[in-house]
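What follows is a single structure, written as structure tokens, with notes after it.
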2 protein chains.
Amino acid sequence: MGIGARERRDRLERFEELCREAGVPCTIQRRALLEAVLDREDHPTAHQVLEAVRARIRGISRATVHRNLETLVEMGVITKTCHPGGVIRYDARIDIHHHLVCLRCNSIADIDDENLDSLELPDTSAFGFKVSDFRVQLRGVCRECRRKDSKKRNRSK
Amino acid sequence: MGIGARERRDRLERFEELCREAGVPCTIQRRALLEAVLDREDHPTAHQVLEAVRARIRGISRATVHRNLETLVEMGVITKTCHPGGVIRYDARIDIHHHLVCLRCNSIADIDDENLDSLELPDTSAFGFKVSDFRVQLRGVCRECRRKDSKKRNRSK
DNA sequence: ATACGTGCAAAGCGTTTGCATTTCT
DNA sequence: AGAAATGCAAACGCTTTGCACGTAT
């Protein structure tokens, strides 16, 4: 899954356009970080993005990664994913899609489903809340964790 | 909102039952932590729960809070919430309900909606994923953050 | 030329772990 | 008595911040 080649190109173009419009410097670090996220099919942490970018920019610093991932989110060219853990995770996908969230290991997998996409959202204006986006999170236990669980059960018998 | 008095009582009872069944010690710390979460209507961090519990148990330690909140989640008497931030948040509610997630300040508010509750979930057996639960997350910007944004805009004019 | 971004190092938080001691069953 | 939990302190990992220097517009 992940995003396709066309979408990837469009997103980079949009990024450069937004930089120009906002007068924000389009540095090589910023661009490389965006590409690193776009090239992933999972929901990487800042650390994972750093590892990936180091191949292209040797001396890039941890602080730059954190600062810029946040900038890219604000620009709307990537998003943050919601997860039950204690480490921030980013997502290349900005379109409507949904998540399988493992409550055991905190992993997240994408799931696409037209029925979920066409959900009718409730009115949130009473909360003063402006909805921009939504995700359905199917919470439970992933394949790996279920396997580990059954191993544990066998051992204790 | 939050949970009602009856639900609160039932949950504590269920907790004690689960302790007995599993032969898990039902310590005063454990019980106090559960009560502290049940008494909150928001989605507290471990630190917030610690603060609340200190009133009853002076010398309770940070480690005990973290360890036991995790235990309570495993027992299924509280849950973890999914959020875009870097701090783990707990939730007194274990029934199906939904969230308004602010992507600016990472705050979470509950929202109840029958239409969302009756959502038809896709089949996840192909992923080896066992669904136990679901949440719809309406992502966007909360009232407070929108206010701050408009103030900022005014200043820059 | 100026504003903004970067790298570095240190600080700041939240969470986890090892170990001696206490408590629950 | 024995297993498990607690408290404490240190370690750990992720994120943020201050500052000197470099770079994009």
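To find a chain, count down the sequence lines: A is the first, B the second, and so on, and within it residues start at 1.
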Practice prompt. Indicate if Val65(A) and Leu38(A) have the same hydrophobic cluster label, given that clusters are the connected sets of ILVMFWY residues with side-chain heavy-atom separations under 4.5 angstrom.
Written response: yes
Discussion item. Test of understanding: with side-chain hydrogen bond (donor to acceptor under 3.5 Å, both in side chains), list the residues that count as partners of Arg30(B), not counting sequence neighbours.
Written reply: Asn68(B)
Discussion item. Listing request: all salt bridge (charged side-chain N to carboxylate O under 4.0 Å, His left out) pairs with a residue in residues 69-83 of chain B, at least two apart in sequence or in separate chains.
Written reply: Glu70(B)-Lys80(B)
Practice prompt. Considering just the side-chain nitrogens and oxygens of Ser61(A), establish if one lies under 4.0 Å of OP1 or OP2 belonging to dT6(C).
Written response: no
Discussion item. Under a 4.0 Å threshold between the charged nitrogen and the carboxylate oxygen, would Asp91(A) count as salt-bridged to Arg135(A)?
Written reply: no
Worksheet entry | Glu51(A) CD to dG13(D) P, straight-line distance once rounded to whole Å | 13 Å
Worksheet item: In chain order, what residues pass the side-chain hydrogen bond (donor to acceptor under 3.5 Å, both in side chains) check against Asp42(B), with sequence neighbours excluded?
Response: Arg40(B)
Worksheet entry | Whichever of Gly59(B) and Arg30(B) has its nearest DNA chain D nucleotide further upstream toward 5' | Arg30(B)
Fill in: Electrostatic pair Arg20(A)-Glu17(A), nearest N-O below 4.0 angstrom
no
Fill in: Atom-to-atom span, CG of Asn106(B) to P of dT15(D) - whole angstrom
12 Å
Worksheet entry | Rounded interatomic separation in angstrom, taking CG from Leu50(A) and C1' from dT15(D) | 13 Å
Discussion item. When the axes are fitted on five pairs at both termini, how much does the helix from dA1(C)-dT25(D) to dT25(C)-dA1(D) curve, in 10° steps?
Written reply: 40°
Fill in: Separation of dC4(C) C1' from Glu74(A) CD (nearest whole Å)
15 Å
Fill in: Nucleotide-resolved protein contact map, nucleotides 14-25 of chain C, B/S/- at heavy-atom distance under 4.0 Å
SBBBB-----SS
Item to complete: For Asn68(A) and dT17(D), give me the distance from atom CG to atom C1', rounded to whole Å.
Response: 15 Å
Worksheet item: Can you tell me how far P of dA5(D) sits from CD1 of Ile57(B), to the nearest Å?
Response: 15 Å
Item to complete: With side-chain hydrogen bond (donor to acceptor under 3.5 Å, both in side chains) as the test, would you mind laying out the steps for His98(A) and Asp110(A) before giving the verdict?
Response: CA-CA 6 Å; His98(A) 310 288; Asp110(A) 288 343; over 6 Å; no
Worksheet item: Thr27(A): what forms a side-chain hydrogen bond (donor to acceptor under 3.5 Å, both in side chains) with it, not counting sequence neighbours?
Response: none
Item to complete: Would you kindly give the CZ-to-P distance between Arg20(A) and dA24(D), to the nearest whole Å?
Response: 16 Å
Worksheet item: Taking side chain as C-beta onward, heavy atoms only, is Cys19(B) less than 4.5 Å from Met75(B)?
Response: yes
